[in-house]
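Numbers restart at 1 for each chain; the letters A, B, ... are given by sequence-line order, proteins then strands. Note: hydrogens, waters and symmetry copies are ignored here, and every other heavy atom, side chains too, is used.
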Amino acid sequence: MNPAKTIGERLAEAGVSRRAFLKFCTALASMMALPPAAGPAMAQAIATRERPSVIWLPFQECTGCTESITRSHTPTLESLIFDLVSLDYQETLMAAAGHQAEAVLAAAMKENFGKYLLIVDGSVPLVEDGAYSCTAGRSNLALLKEAAQGAAAIICVGTCSSYGGIPRAAPNPTQAVPVSAVVKDRPIVNVPGCPPIPVVITGVLAHYLTFGNLPELDPLGRPKAFYGETIHDRCYRRPFYDQGRFAKTFDDEGARSGWCLYELGCKGPVTYNACATLKWNAGTSFPIQSGHGCLGCSEPDFWDRGSFYRPLAAADWGSAKTVGAAAAAGVALGAAAAWAARRRQDRFVKEAAAPADRKPEG
Amino acid sequence: MQDEVFPLRFERAPAAVLTGNARPVLAEVAALAERFAESGAGGAVDLAAMPLSPADVDWLRGTLGRGEVSAVIEAAGASSVEETAFAGVWWVTHRNPLGEVVAELIEVAAVPAIIAAAREDAAAGAARLAAIVAAPAAEALA
C-alpha cells in the first residue's frame with residue numbers, strides 16, 4: 001500500500017463517484033449535528049486526507065460493542081469509513097489468529113508509531129496485575145500501556161472502556177477501571193453506551209478524517225456533537241412532559257397514548273446520548289419510542305444508580321440544569337428546540353473559524 | 001376474544017402524534033425560500049435537526065406538496081430529489097443500497113447539489129471519452 005495515497009485517490013480507485021461521496025458526507029454531517037452546508041465542505045476535506053492506521057483492542061467486555069457496529073443499520077456508511085481508514089488489528093474481525101495476529105499488531109504499532117488511532121472496548125481489570133483478562137498471555141493492563149505509547153489518540157468505545165461499565169459495578173471483584181484511569185498522557189475520546197450507537201463511532205472517525213483533530217469534548221470526555229444534549233431534550237415525547245401528561249403504569253391510557261415516561265423511571269433527563277435523534281435498528285425506534293424509559297447506559301455508574309423504574313428525584317437533576325430550569329420556568333418545547341438548533345450553528349461556526357487546528361496529527 | 005392471552009389494544013400509535021415541531025421547520029424553509037428568491041443564495045434544512053414524529057414529517061410533506069421535477073440518483077443507493085409545489089424548494093431523500101433513509105433534507109436552490117456532476121468525475125469521464133475518440137476508427141465504430 002502506498003502510504004502517500006489520499007482518500008480521494010482511494011475512492012476513485014474503488015469506483016466511488018463524487019456524488020456517492022457527497023451523499024455519504026451529507027449523511028455524516030446530519031449525524032454529527034452539523035448544519036447541512038457542512039456536507040460538501042467535509043467531502044472536500046476528507047478527499048485530500050491520508051488514510052490513518054487504526055488498531056482496535058478488546059479488553060474486559062462482552063463484544064456487544066463490536067456486535068453493535070457490525071450489525072449496524074447503515075452498512076455502507078460503516079464499510080465506507082472503515083475502508084477509508086486502515087484497520088490493522090481487530091481480533092474479533094480479522095482473519096489472522098494466534099502468533100500471526102500478534103505479529104500483525106506488533107508490526108502495525110511499530111510502523112505507525114505516534115500516528116495510529118487506538119480504539120479500545122472493555123474495561124481494564126487491575127487486581128492480581130490484571131490477570132482477570134489476558135490476550136496471548138499478556139494482561140490488558142500491560143497491552144494498553146504499551147499500545148497507548150504510540151497512539152495519536154485513544155477512542156474508548158462503550159461504557160466499559162469509557163467509565164468502567166458493568167465490570168466496574170459494585171462490588172467490582174476485578175477492580176475494573178476505565179482507560180482514562182490507566183493512560184494519562186494521551187488524548188482520549190469516550191464514546192459511551194451499552195452498546196454505543198454505531199454511527200457515533202463512525203462520526204468520531206469522520207471528524208478525525210475531516211478536521212485532522214478530535215471533536216470537541218464535554219467534561220466527561222464525550223464528543224459534544226453526539227452527547228451535547230440529553231435524551232429528554234431531543235425526545236419526541238417531550239411535549240407531553242411540558243403538558244404534564246405522564247404514563248403511570250406500562251399499560252395505562254397514558255402509556256398507550258405515548259405520554260412521557262418520566263414517572264416510570266425514565267433517565268432521559270440526565271442522560272446525554274443521541275438515541276432520540278439517530279435511533280436504533282435501521283432508524284426504527286429507540287427505547288422510549290418502544291414504550292420503555294431510558295436506562296441511562298451512557299452515563300458513568302449507570303448500573304449502581306438504583307432502580308431503573310424509580311422516578312428521578314429532583315436532586316438527580318443537578319447535571320441537567322438547562323432542562324430543569326426550562327421546566328421550572330415553564331418554557332415551551334419550541335423555545336428549547338430553537339435553543340438546541342442555535343447551539344448546532346454556534347458549534348459549527350466556531351470550528352469553521354479555527355482552520356489552523358485542522359492539520360493532521362503526526 | 002375471551003381466549004386472548006394479551007389483550008393489547010393499539011388504538012393510537014404514539015408515532016401518529018403531531019408534536020408541533022413541524023411548523024418551526026416550515027418557517028425556516030419559508031425564510032430560506034424568501035432569501036433565495038431575493039439573492040439567489042439558498043440553503044438546506046436537515047430534518048434530523050428537529051425532534052419530528054412520523055406524523056410531523058407527513059404533515060410537512062403534505063403541506064409542501066409536489067412540483068414539476070423529480071429525479072432519482074443512483075449513487076451508493078437511490079437518492080430521490082423532488083421539487084415541491086414551491087419552485088426552488090426541494091425534498092431530498094438519501095437512501096443506502098438497502099433502501100434505508102440515511103439523510104433527509106429540504107434544500108432550497110435552483111438545482112440540488114447532488115444533481116450536479118463533479119469536476120473530478122468529469123475529468124475522469126473526459127479522459128475516457130478522449131481515449132475512445134483517439135482509438136482507430138474501425139474499433140470505435142465496432
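A search for side-chain hydrogen bond (donor to acceptor under 3.5 Å, both in side chains) contacts involving Glu83(B) returns nothing, not counting sequence neighbours.
Within residues 117-127 of chain B, the residues having any heavy atom under 4.5 Å from a heavy atom of chain A are, by residue number, Ala117(B), Ala118(B), Glu120(B), Asp121(B). Applying a 4.5 Å heavy-atom cutoff, none of the residues of residues 31-38 of chain B approach chain A.
Val92(B) does not touch chain A: none of its heavy atoms, backbone or side chain, sits under 4.5 Å away. Using a 4.5 Å cut-off between heavy atoms, Thr277(A) contacts chain B through its side chain alone, with no backbone atom that close. Looking at Ile115(B), the atoms closer than 4.5 Å to chain A (heavy atoms on both sides) all sit in the backbone: N, CA, C or O. If you measure heavy-atom distances from Leu105(B) to chain A, the contacts under 4.5 Å come from the side chain alone.
Applying the salt bridge (Lys or Arg N to Asp or Glu O under 4.0 Å) definition to pairs two or more places apart or across chains, those involving residues 262-272 of chain A are Lys248(A)-Glu263(A).
Proximity of a side-chain donor or acceptor of Lys23(A) to a complementary backbone N or O of Ala75(B) within less than 3.5 Å is detected.
Counting all heavy atoms, side chain and backbone alike, Asp46(B) lies closest to Pro36(A) at N-CG, 3.7 Å.
Counting non-hydrogen atoms of other residues, nucleotides and ligands closer than 6.0 Å to CZ of Arg23(B) gives a total of 12 or fewer.
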